[in-house]
Amino acid sequence: MVEANNTTVTLQVHRFTPRAERAERARGGSPFARKSSPFGGGSDSAARRRPRGKQWVQEYTIPARPEDTILDCLLTIKRTVDPTLAFRYSCGHGMCGSDAVAINGTPTLLCTASIRDWAKQPGALPQVDEEGFRHIGEDESMSDASSNSDATDASSADGTSLGVIELAPLPGFPPQRDLIADIDPMLNQIRKLTPYLQADGVLATTDEGKVNAFEYLQHPEQLAKYETLSNCIACGVCEGSCPVFAGGDAFIGPAALIWSSRFINDSRDTKAMERMDAIDTADGVAACQSVRACSRHCPRGIDVGEEMWQIVAKVRER
Ligand code: SF4
Ligand code: FES
């Protein structure tokens, strides 16, 4: 934000501070800490999914313009109001996928979400109490719920409110702190499916006949079969939207299947059959219920539900 203005926005942020002993265990500080499997399962997995700690909702009202992104607003809060607020971002341009959260309950990226698109008038949002429960149709009694409402009152007195935006960590993943969710379960599932090219390269030679490098040649038509899939940035938005993935270990998730499909459709990859075997499991393609919620907000324009359908058909036909 570069210039002063009269308009303000109110962010209702779901905050979370984990219990100190959990943070200690996560660092491996205790010699008695149990070693959990990186792929989940067991009681450690359940505890990791529902970490304990302090939860509350905090309101921040700050000057903002309709064209500002919600990431801009959080950076302003972090720099000028509350340095303790935790959120994750990197590129700021929808390329890295590190800043997926739930905005007004919808998984999406902070850096591409503008105030103009997401701010609602206060009555349009469910009211959220101190413990994070959403109450629909109760407005006056809930207005005291936030623990930092002084800023709201002061700012709205001399500015025009653009509205209210509710922010929570990405659903389907354990919260780590404030808006930061632990996306390791998704990354581990992607890693398990060997997300890299396994191909027999052809040695290319220079004009002098010397070996130059391995080449993996491909026609544009072959590239077109997976090019869109290769745009996945592993942001987790599709997983946060998927009601089956939210159940825990029952489904490896749409992002892992997108990565697998990307290599299955790559004409250079020699492991397509092994890749299909790896996802032809009860927690793989069989777990997808074709709800297609995963398609709605993919920031890279992938029709995830349609791709799920295609890969399910391909696995069954092989
Ligand atoms: S498919 Fe889309 S929504 Fe899902 S992880 Fe990849 S980029 Fe994100
Ligand atoms: S900060 Fe990189 S995608 Fe939003």
Side-chain angles (χ1 to χ4, degrees), residues 1 11 67-79 85-103 105-115 117-118 165 167-173 178-193 195-196 225-246 251-266 279 284-285 287-312:
M1 277 170 277
L11 301 188
E67 62 269 30
D68 289 332
T69 67
I70 299 175
L71 178 60
D72 289 332
C73 298
L74 289 176
L75 288 169
T76 299
I77 292 169
K78 181 98 179 163
R79 288 166 185 158
L85 180 62
F87 53 95
R88 184 170 51 210
Y89 79 103
S90 182
C91 70
H93 297 286
M95 298 302 292
C96 72
S98 62
D99 59 339
V101 300
I103 303 180
T106 301
T108 191
L109 301 180
L110 286 169
C111 65
T112 55
S114 70
I115 293 173
D117 291 341
W118 289 95
I165 299 173
L167 299 176
L170 191 61
F173 296 93
D178 296 342
L179 297 176
I180 301 175
D182 177 5
I183 60 168
D184 277 358
M186 171 184 69
L187 299 179
N188 285 330
Q189 293 290 10
I190 293 174
R191 277 187 204 113
K192 271 204 304 185
L193 298 175
Y196 46 84
K225 290 187 179 160
Y226 68 86
E227 191 171 13
T228 309
L229 300 178
S230 69
N231 289 330
C232 174
I233 52 177
C235 64
V237 163
C238 54
E239 310 230 329
S241 312
C242 173
V244 186
F245 182 79
F251 184 26
I252 61 175
L257 291 177
I258 286 290
W259 278 75
S260 182
S261 182
R262 177 249 175 273
F263 290 101
I264 288 170
N265 285 293
D266 188 330
I279 58 174
V285 290
C288 178
Q289 302 296 308
S290 298
V291 178
R292 295 208 176 206
C294 52
S295 289
R296 286 187 206 136
H297 297 283
C298 172
R300 306 299 293 167
I302 301 172
D303 185 344
V304 187
E306 177 60 23
E307 296 298 340
M308 293 298 104
W309 184 253
Q310 300 282 345
I311 193 66
V312 168

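Both counts, for ligands and for their atoms, begin at 1 and track the order of listing. Starting from 1, each residue takes its place in the sequence as its number.
In terms of heavy-atom proximity, V101 sits nearest to L179 at CG1-O, 3.8 Å.
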Checklist entry - Given the rule in the side-chain contact (heavy atoms from CB on, under 4.5 Å) test, do R262 and I258 qualify, once you have shown the distances and angles that lead to the verdict? => result CA-CA 6 Å; R262 177 249 175 273; I258 286 290; 5.6 Å; no
Next on the checklist: Under the criterion side-chain contact (heavy atoms from CB on, under 4.5 Å), I'd like the reasoning laid out for F87 against L71: C-alpha separation, chi angles, the key distance, then a yes or no.
Outcome noted: CA-CA 9 Å; F87 53 95; L71 178 60; 3.9 Å; yes
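Under a cut-off of 6.0 angstrom, the local environment of CZ in R300 is crowded, with over 12 non-hydrogen atoms contributed by other residues, nucleotides or ligands. Enclosure of atom CH2 in W259 is not indicated, since only 12 or fewer non-hydrogen atoms of other residues, nucleotides or ligands lie within 6.0 angstrom.
Heavy-atom separations between G236 and ligand 1 include at least one value shorter than 4.0 Å.
For the residue pair T228/N231, the side-chain donor-acceptor check at 3.5 Å is not satisfied.
Around atom 2 (Fe) of ligand 1, protein atoms of type N, O or S found under 2.8 Å number 1.
The shortest distance between side-chain heavy atoms of Y89 and L74 does not fall below 4.5 Å. By the 4.5 Å heavy-atom criterion applied to side chains, E239 and F173 are counted as neighbours.
Of the possible polar contacts, none joining the S261 side chain to the L257 backbone as a donor-acceptor pair under 3.5 Å is found. Between the side chain of D72 and the backbone N or O of T69 there is at least one donor-acceptor pair closer than 3.5 Å.
Near ligand 2, residues Y89, S90, C91, G92, G94, M95, C96, G97, D99, L109, C111 come within 4.0 angstrom through at least one heavy atom.
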